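Structure first, commentary second.
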Amino acid sequence: MRKFIRTPFAIALLIGLLCALSGGADPLNHMYWNIRFKFGGQNVPNSIVVISEQVPTVDGANGQWASQDQSRLIEIIRRQVPQRVFFDAALVPGDEHAIDGKFSEVVRQFGDDFSIVLHAGNGDQSTFGSPLLDDGRLHGTQRVISAWKTNFLGYATSSATEFVRNGKVYKAFASALARDPRQGKRIYAAAEFDPESVPVLDARHVLNNQFAPGLLTGRTVVVTQARGASQAIGYHGHGRVDPTLVDVTAAYGFRRPFSASWGPWFPLLLASTLLLVAQRSEKFRWRIAFAFLAALAPIALPIPLQLIGITTTPADAFVMLAVYASVNLWHRWRSRFRHTSTSGLPNLVALSERKIDPGHDVVVAVIARYEEFLATLPTEQHGECAQQIARRLAVGSGSAQIYHGEGGQFAWTEEARALDTQFDHLDGLKALFSAPLRIGDHTFDTNVHFGLDRNGALDAHTRVNSALASATEALTHGRTTESFEAARLADASWDLSLHSRIDDGLRNGEIWLAFQPQWDFRVNRISGAEALIRWNHPERGPIKPDEFILQAERAGRIDTLTYWVIEQAISAHAALSVGDPLFQMSINLSGQMVDKPSLVSNFSEIVRRRGIDARRLTVEVTETSGVQNRPAARHNLSQLRAMGFRLSIDDFGTGEASLSYLAELPSDELKLDRRFVSAITTCSRNRTIVGSTIGLAHALGQVVVAEGIEDEETFHMLRAMDCDHAQGYWIGRPVPLAELVSRCSETGRSISAAFRDC
Ligand code: C2E
Ligand code: CA
Ligand code: CA
């Protein structure tokens, strides 16, 4: 119900009803009827003839007819044998009783066929108080009353059929004119009649017998007077007219089969029903047809209804329709900001504004290299690309609604499972993306990374953002899923002050470099080392490098750290290469730095300043899905290689598109990830993968380094597989420089038990 009240239909209906009850739409109704009756007014039949006393301008009794002239006029009319006479002019009692007496005498001869009309327009009682009501000389003469209700602008709307004054019942003028016997009803202004078609004779012509013979005979004659503007009454479509004309046309209105008012209710009911039908119609064609009818009905229907005597006020229905259209337009306008323009799918803002059901996870999937796909697709296929991905995710996640952020971000909510099960489920979802996407003539290999938020206590906006940040993190580190840990929030202050802490750590030695030896199978000795960063925090203890590297990247401190590592590694190289000038030193380059414009010049400045042969330095880069500008990254890496640096593809076999990466990058070395290496003794598949990767790398002129060698068996197996270099705990753990230097000299760079055990 609460949902229904918020719909455009319910809002519109409510406002329509409020208008109907308060009369708020009266100005519109007035305009409607005014316009409607301006055109196509009907002519009245001429069974009622009006004789108008023109007010003499110079003499006469204060701008009114003299009593004796009125007496003469009535006498002339009487001789024409009219059916009835209504006297609707100012009746001047006169100074001379004789003349008044003459008037009463003529009137008396009419008997019941003569009525005096009294006006009480809009509650104005002035004429009621006139002596005429109980003037003794006209005693017994019938009196009728004209008292029209008017709208806010003084336009006649309706009148009672009789009035009670001082205990006496008086018939309404229009009822009396029509000889309508109905009582207790209402009369409605018959504005469909053109008031100018009522035959009006000038009373002075009648006095001079200048009128067509027989014109008055057998007809109803109304004697009126030309009234001033102050007494005129509004007549829809015709401005202000003599009130007599309102009664005369209303009298003809009695010929209509009905006399009723359905007010605003009928148009409202009709329009809202049609609107509801339009809304419920499944076919677009029907929706349009019913919406059109809903708009047309309140405009068109009042016209025939009016002709059969049923008055309606359609403006409240217009108001309702206008509100409905406006609210709908407003919703549509707003929803533009809640949809992604290319795919038409609701966007992440829409998800952030939704109420997320308790016990549900927010999942964000980020498609790696999405912008690259789009760049190769024609613009009109961008939407199809996003929709295809959304369909896959919907099928895999079982979620009915997938939200699409600009770029390759897709989000949804799903019921929370046990965390392990949820991770397995997302792994399965990732597998769905092993089949390439086919858009038009294009085929793409995709990879997807997920961010998961399980913090039901937070608001939707924060949860979407945290899932998004986790997904970006998963993408940057080539992981399938990252989940938002609430503990990270507690780390916010730590994160925020990281900037200065890193600087302090570098200064006071909390941050230092460990070196892990690398074994050369071809010459059977230690031939190099990888520099690995360490942070021994006084309060937090040792912090894992991949953890604080990530934070340093976020805090914009990764450049400082990297250049510090290079400087340290060069110094270490000097110590380690004493007995071996070809000793190789490997350093890790963050994905965030590879595309930096200043990278090449900074590296070359360091090499020049430190006077080191760049060929002794190996730069390890992992998959670069986190790299924003891939062409710039490619360019930088080629430049470094041109300067002599060796280039190594780290963690080969994990992350995405390692093969295409191998094809794309001008590298010298390939580091097999320890996840493959550590399992070669137990898993024949891994053995095959490692064996054939070594073959492939050699075919491409690459040197192969196997990481993560933790036992002798693995070590020998790799040697048998023709692997070039080995790195792992079994050969040597990462140690401080001094330790590596002393052990290298102690053992003559061979693998010793002491070395392994450190
Ligand atoms: P990585 O480049 O893959 O470094 C190798 C990681 O494997 C090191 O972890 C090393 O201690 C560990 N490792 C070596 N042998 C074995 C083994 O036999 N078994 C097992 N289980 N692990 C072994 P570490 O030192 O914790 O470094 C983690 C990651 O942090 C590195 O992975 C690298 O991505 C990053 N990292 C470390 N130092 C730096 C740095 O100076 N700059 C950048 N950008 N990243 C760094
Ligand atoms: Ca590395
Ligand atoms: Ca590695």
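Model, not experiment: these values are computed from the prediction. We count ligands from 1, going down the list as the structure has it; atoms in each ligand are counted the same way. Note that these values count all heavy atoms, side chains included, but never hydrogens, waters or copies made by symmetry.
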- Message: Pairs of nitrogen or oxygen atoms closer than 3.5 Å, one from W730 and one from ligand 1: do any exist?
- Response: no
- Are D668 and R646 within salt-bridge range, i.e. N to O under 4.0 Å? no
- Item | Pairing of R674 and D651 as salt bridge, 4.0 angstrom limit | no
- Query: Heavy atom under 4.0 Å from ligand 1: found in D651's side chain, backbone, both, or neither?
  - Reply: side chain
- Q727, portion touching ligand 1 at heavy-atom distance under 4.0 Å: neither
- Task: Identify the two heavy atoms, one from Q727 and one from P517, that lie closest to each other, and give their separation to 0.1 Å.
- Result: CG-O, 3.7 Å
- Query: Which value, rounded to 10°, describes the OD1(D650)-the Ca ion (ligand 3)-OE1(E707) angle?
  - Reply: 100°
- Task: Could you tell me whether atom 9 (O) of ligand 1 has a protein heavy atom closer than 4.0 Å?
- Result: no
- Compute the minimum heavy-atom distance from K544 to ligand 1 and say whether it is under 4.0 Å. no
- Query: Heavy-atom distance under 4.5 Å between the side chains of L670 and V705, does that happen here?
  - Reply: no
- Note on the structure: One finds that the ligand 1 atoms under 4.0 Å from a non-hydrogen atom of S590 are 44 (N)
- Considering only heavy atoms, does E707 approach ligand 1 within less than 4.0 Å through its side chain, its backbone, both, or neither? side chain
- Taking all heavy atoms of V704 and all of C723, pick out the closest pair and write down the distance. O-SG, 3.7 Å
- So for E530 against ligand 1, with non-hydrogen atoms under 4.0 Å, the contacting part is side chain
- atom 34 (O) of ligand 1 [closest protein heavy-atom partner, distance rounded to 0.1 Å]: N588 OD1, 4.7 Å
- Message: Pairs of nitrogen or oxygen atoms closer than 3.5 Å, one from I533 and one from ligand 1: do any exist?
- Response: yes
- atom 21 (N) of ligand 1: the protein heavy-atom neighbour that sits closest, reported with distance to 0.1 Å: E710 OE2, 3.0 Å
- Item | Carboxylate-amine/guanidinium contact D559 K596, below 4.0 Å | yes
- Query: Any ion pair linking K544 and D546 (charged N to carboxylate O, less than 4.0 Å)?
  - Reply: no
- Salt bridge or not for R610 and E605, using N-O below 4.0 Å? no
- Does the protein put any heavy atom within less than 4.0 Å of atom 32 (O) of ligand 1? no
- Item | Heteroatom of E530 nearest to the Ca ion (ligand 2) (N, O or S, atom name) | OE2
- Message: I need the nearest protein heavy-atom contact for atom 11 (O) of ligand 1: residue, atom name and distance, please.
- Response: P734 CG, 3.5 Å
- Query: Which N/O/S atom belongs to D651 and is the closest one to the Ca ion (ligand 3)?
  - Reply: OD1
- Message: With a cut-off of 3.0 Å, does N588 put an N/O/S atom close enough to the Ca ion (ligand 2)?
- Response: yes
- Message: Looking at non-hydrogen atoms alone, which of D650, I558, L532 comes nearest to atom 4 (O) of ligand 1?
- Response: L532
- Task: Would you check if F603 and F645 make a side-chain contact, meaning some heavy-atom pair closer than 4.5 Å?
- Result: yes
- Verify the contact flag for atom 6 (C) of ligand 1, where contact means a protein heavy atom under 4.0 Å away. yes
- Message: Check whether F433 forms a cation-pi arrangement with R392 (NZ or CZ under 6.0 Å from the six-membered ring centre, at most 45° off the ring normal).
- Response: yes
- Under 3.5 Å between some N or O of ligand 1 and some N or O of R534? yes
- Message: Is the contact between V565 and ligand 1 made by the side chain, the backbone, both, or neither, using heavy atoms and a 4.0 Å cut-off?
- Response: side chain
- When you measure from atom 26 (O) of ligand 1 to every protein heavy atom, which one gives the shortest distance, and what is it? P545 CG, 3.3 Å
- Query: Tell me: protein heavy atom nearest atom 12 (C) of ligand 1, and distance?
  - Reply: R674 NH1, 3.8 Å
- Task: Assign the ring pair F444 / H442 to parallel, tilted or perpendicular, where the plane angle (0 to 90°) is split at 30° and 60°.
- Result: parallel
- Item | Heavy atom of the protein closest to atom 13 (N) of ligand 1 (residue, atom name, distance) | Y729 CE2, 3.7 Å
- Note on the structure: Of all protein heavy atoms, the one nearest atom 15 (N) of ligand 1 is Q516 NE2, 2.8 Å
- Query: Any Lys/Arg nitrogen of R733 or E710 sitting under 4.0 Å from an Asp/Glu carboxylate oxygen of the other?
  - Reply: no
- Message: Nearest N/O/S atom of E620 with respect to the Ca ion (ligand 2), by atom name, please.
- Response: OE1
- Note on the structure: Which of T481, T446, N447 passes side-chain hydrogen bond (donor to acceptor under 3.5 Å, both in side chains) with K430? It is N447
